[in-house]
Amino acid sequence: MSHPKNNTLLRQWTGPLTSELVRTPGGFGLGQVPAGRTPNATTGLVCGFCSTGCGLTVHLRDGEAVNLTPDPDYPVNFGMACPKGWEALAPLEALDRATTPLLRNHASGLLEPVSWPQALAEFTTRFQGIQSRYGPESVAFLSTGQICTEEMAFLGALFKFGMGGLHCDSNTRQCMATAHVAYKESFGFDAPPYTYEDFEQSDVLVFVGSNPCIAHPILWQRVLRNPHRPAIIVLDPRRTETAVAATLHLPLAPKSDLTLLYGLARALLRLGAVDRAFIDAHTHGFADFAEFVEAFPPERVCAEARLDPELWERCVSTIARGQRVSFWWTMGVNQGHESTRTAQAIINLALMTGNIGRPGTGANSITGQCNAMGSRLYANATSLFAGRDFANADHRAEVARILGIPGERIPTTQSWAYDQILDGVESGAIRGLWVIGTNPAHSWIRQDRLQELAHRLEFLVVQDLYATTETARRADLLLPAAGWGEKDGTFINSERRFGLVKKIRRAPGSALSDFAIFQLISNAWGCAELFSSWRDPETVFQILKRLSAGRPCDISGIRDYRHLDDVGGIQWPYSMMSQDGNTSEASKPARPTPSGVRLFSDGIFYTPDGRARFIFAPPRPVAEPVDADYPFVLLTGRGTSAQWHTGTRTGKSAVLTALHPAECYVELNPADARRLRISMGERVTVRSRRGAVSANALLTPTVMPGQVFLPMHYDGINRLTHASFDPHSRQPNYKHCAVAVDPG
Ligand SMILES: Nc1nc2c(c(=O)[nH]1)N[C@H]1C(S)=C(S)[C@@H](COP(=O)(O)OP(=O)(O)OC[C@H]3O[C@@H](n4cnc5c(=O)[nH]c(N)nc54)[C@H](O)[C@@H]3O)O[C@H]1N2
Ligand SMILES: Nc1nc2c(c(=O)[nH]1)N[C@H]1C(S)=C(S)[C@@H](COP(=O)(O)OP(=O)(O)OC[C@H]3O[C@@H](n4cnc5c(=O)[nH]c(N)nc54)[C@H](O)[C@@H]3O)O[C@H]1N2
Ligand code: SF4
Ligand SMILES: [Mo]
């Protein structure tokens, strides 16, 4: 039975548009926006696709969004947006939106509409039943970097402190786990140090496994605004759009990055292009590192990375001459079998050359999803709130005190990672699974795993905008969620900037914001008293401020949502009190345009002794090398700027679908195609030891002979990929396995 309070909550959440900041021709106000009362107003919010976090101006008629344009004043995008941003409203209108909870009728096998009270009762009885039979840890969740920070925080608190669960993870594991672990070990905290102004201030930019022209187009625009005629070096096995636009492209052999980066450290050392004073004052372990990299002479680098020695020389001398060198990395690094050490090899380069904490420098991981940064800091899944550790008794006591909850509600151990949770389903340790805002039946490295394991799960709940995703179609219970633009909250972008998301249209039918769903569940579950102060997103934001105080990610100086709206978002740290050189500029009260906040300008890191660490390990062989039967390396990644991941949102916009190929395609080098007698546009089969997909051949010299590239947006790609993981971050290795290509 559902708790009577659920009905009151339901009325609250399905009522009129909630508190919003709206600019009207007459001015600017915070408060209720009753439909029909604000003709021709505009309001600003950040985009809900990628982590760039562009500001968009939504044009409202009678309180509802009718159109949007990029915000010319937002200090991220300055009036620019990529196609996804321009089309952000279209996916919300899709006909396949989930508009009511759906429950599987096991007699007919069909999903059938039920009321919210029925759905909540089902959720509670089924999951509580599983927990009573198999223990509290037998229920798990997999969540996302695409819901608001306040929602992630609620979910993590509800699950761990309210429902007594332990094992939970999110799609951030597929994406940012490597950067998280690498930073934490090297800097003492998961802290991407840069501001976007660094794109404009460098004289040398090095992109490793990163294709911003496609994946972060507005960040690439920031590079193009750089007035210093910068050298741009791209390390990517493919000649990507970014590589073509660069001044130097190194088409390294896939997964030879670690060898190359150690070789670069050795070469810079030999040239004396190191900052001894910085190393001595601010780092730990350099002498051992310098000795270690001796084993990576240029001959070895060029042989293993298959590089032209002259190209290599140019790369080394360009970086050695640079005064303000910034290193940027994305999924070509994070998704690999030795990704954490590779990310740290980049960090080591920035440290040894003193390229950190100054304008135009840094070891800079570019984030993926709009709020992956939020999930790293506030999801309460793999780390305790605000980057704390579950195993640390002091950290648990702090969180218990701030939240006013009994300390024993906080687990003392770490959750399993994504792959371990799915293994847990296989072994029977996990019997109930709740999937929120992610589509693992397409995106997980073994995409059929959920399907294969479905019979082992007693209850699968999926919470999504659409009832049609590959994962939602398998649900026992579907909870219809409101999407970006249909709810309030914050996202944290790649440069650590909190930006505001607002409700500028009503969700269809009885779809509810994830926040409202978590609140209703806490109530139905019987643990609402723990969350009595978690009334709405903005009160939770105030709780997050308290959780952040004194932590590296301190946001206690942000007053409220209005403050974020006034100044175009605020980067952390932004503490109440000016604490050190890093935060003094940031901590001044609201400024019209906040200037870029960069970490480590004082050379003090978050480790106990304040020094950054040189961390390194010998390169290891790839998990699945090519052989005679499977002679191609399969690379996967983003295909076009108009496609977003599994296409559940971008696939609903007529404009965006016109901007990308409708059918799956595989990029193949013309020399390989000639040998295999494959012609342009021909249908081919790409096969690995695990499965096959059909694709149209796209013959292009942008992929090297012996390699093929498949965009991740088409269903079936992750039947091919090899389920191997970096041992430190447990991030999947999506970007290397062996495949064959057959005509037909
Ligand atoms: N349009 C669009 N934009 C997006 C997304 C989207 O789906 N669509 N997704 C967002 C998300 S969540 C993320 S995480 C980012 C991802 O952003 P990126 O990481 O820039 O995108 P990818 O295409 O996945 O991978 C980048 C490059 O890695 C290269 N690569 C493959 N193997 C290796 C290797 O061994 N070494 C090196 N050095 N490079 C290698 C690939 O050839 C590819 O060009 O994009 C974000 N932005
Ligand atoms: N082969 C290969 N596979 C990859 C990658 C690769 O490079 N190659 N990249 C990996 C990376 S970096 C990532 S980040 C993942 C992404 O993988 P996924 O997270 O599975 O991809 P999305 O399509 O973004 O799925 C998000 C889901 O959340 C729903 N959703 C959107 N907004 C909301 C909301 O506000 N609330 C709720 N409840 N639901 C919402 C959407 O409808 C969609 O179904 O894919 C990974 N998979
Ligand atoms: S670059 Fe990213 S944040 Fe900006 S409009 Fe495009 S998808 Fe949105
Ligand atoms: Mo990602």
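Nothing here was measured: the structure is a model prediction, and the numbers come from that model. Counting convention: from 1, in listed order, for ligands and their atoms alike.
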(message) My understanding is that we take every heavy atom of each candidate and find the minimum distance to atom 11 (C) of ligand 2. Doing that for M176, R638, E151, which one comes out nearest?
(response) R638

(message) Just to be sure I'm reading this right: ignoring hydrogens, which of N439, N171, L710, T646 gets closest to atom 23 (O) of ligand 2? Compare them by their nearest heavy atoms.
(response) T646

What is the closest protein heavy atom to [atom], and at what distance does it sit?
atom                    : value
atom 9 (N) of ligand 2  : Q335 NE2, 3.3 Å
atom 16 (C) of ligand 2 : H645 ND1, 3.4 Å
atom 44 (O) of ligand 2 : D464 OD2, 2.6 Å
atom 2 (C) of ligand 2  : Y734 CD2, 3.3 Å
atom 39 (N) of ligand 2 : G437 CA, 3.3 Å
atom 15 (C) of ligand 2 : Q174 NE2, 3.9 Å
atom 31 (C) of ligand 2 : R649 NE, 3.8 Å
atom 8 (N) of ligand 2  : T636 OG1, 2.9 Å

(request) Report the protein N/O/S neighbours of atom 8 (Fe) of ligand 3 that fall below 2.8 Å; do not count waters. (result) C47 SG

Is the gap between the ring centers of [X] and [Y] under 6.0 Å?
X    : Y    : value
F459 : W434 : no
F123 : F127 : yes
W329 : Y194 : no

Does [X] come within less than 4.0 angstrom of ligand 2, counting non-hydrogen atoms of the residue?
X    : result
W644 : yes
L465 : yes
A482 : yes

(message) Minimum heavy-atom separation for R687 and Y630, please, with both atom names.
(response) O-CD2, 3.6 Å

(message) Test side-chain contact (heavy atoms from CB on, under 4.5 Å) on Q369 and T144; report intermediate values, then the result.
(response) CA-CA 9 Å; Q369 307 164 83; T144 184; 3.7 Å; yes

If we count only N and O atoms by modelled type, under 3.5 Å, do the side chains of [X] and [Y] hold a donor and an acceptor together?
X    : Y    : result
T490 : E150 : yes
H180 : S729 : no
S522 : Q519 : no
D198 : T195 : no
Y196 : Q571 : no

Part of [X] within contact of ligand 2 (heavy atoms, under 4.0 Å):
X    : answer
H442 : neither
N718 : side chain
C175 : both
Y466 : side chain
T648 : side chain
M712 : side chain
A372 : neither

(request) I would like to know whether T43 and K502 meet side-chain contact (heavy atoms from CB on, under 4.5 Å); could you show each step before the answer? (result) CA-CA 9 Å; T43 190; K502 299 175 194 165; 2.8 Å; yes

(request) Validate the cation-pi geometry between R238 and F709: distance from NZ or CZ to the six-membered ring centre under 6.0 Å, angle to the ring axis within 45°. (result) yes

(message) Is the positively charged end of R649 above the ring of F49, judged by distance under 6.0 angstrom from the centroid and angle within 45° of the axis?
(response) yes

(request) Answer whether the closest heavy-atom distance between the side chains of Q174 and Y418 falls below 4.5 Å. (result) yes

[X] heavy atoms, cut-off 4.0 Å: which ligand 2 atoms fall inside?
X    : answer
I147 : 34 (C), 35 (O), 36 (N)
Q369 : 14 (S)
D514 : 34 (C), 35 (O), 36 (N), 37 (C), 38 (N)
K735 : 7 (O)
S443 : 3 (N), 4 (C), 17 (O), 18 (P), 20 (O), 45 (O), 46 (C), 47 (N)
T469 : 44 (O)
K487 : 34 (C), 35 (O), 36 (N)

Is a side-chain N or O of [X] found less than 3.5 angstrom from the main chain of [Y], in a donor-acceptor match?
X    : Y    : answer
N77  : G55  : yes
T721 : N733 : no
H216 : T367 : yes

(message) Consider ring-ring contact (aromatic ring centres under 6.0 Å, His included). Of F154, W534, F541, which one does F515 pass it with?
(response) F154

(request) Kindly check if the number of other-residue, nucleotide or ligand heavy atoms within 6.0 Å of CG (L95) is above 12? (result) no

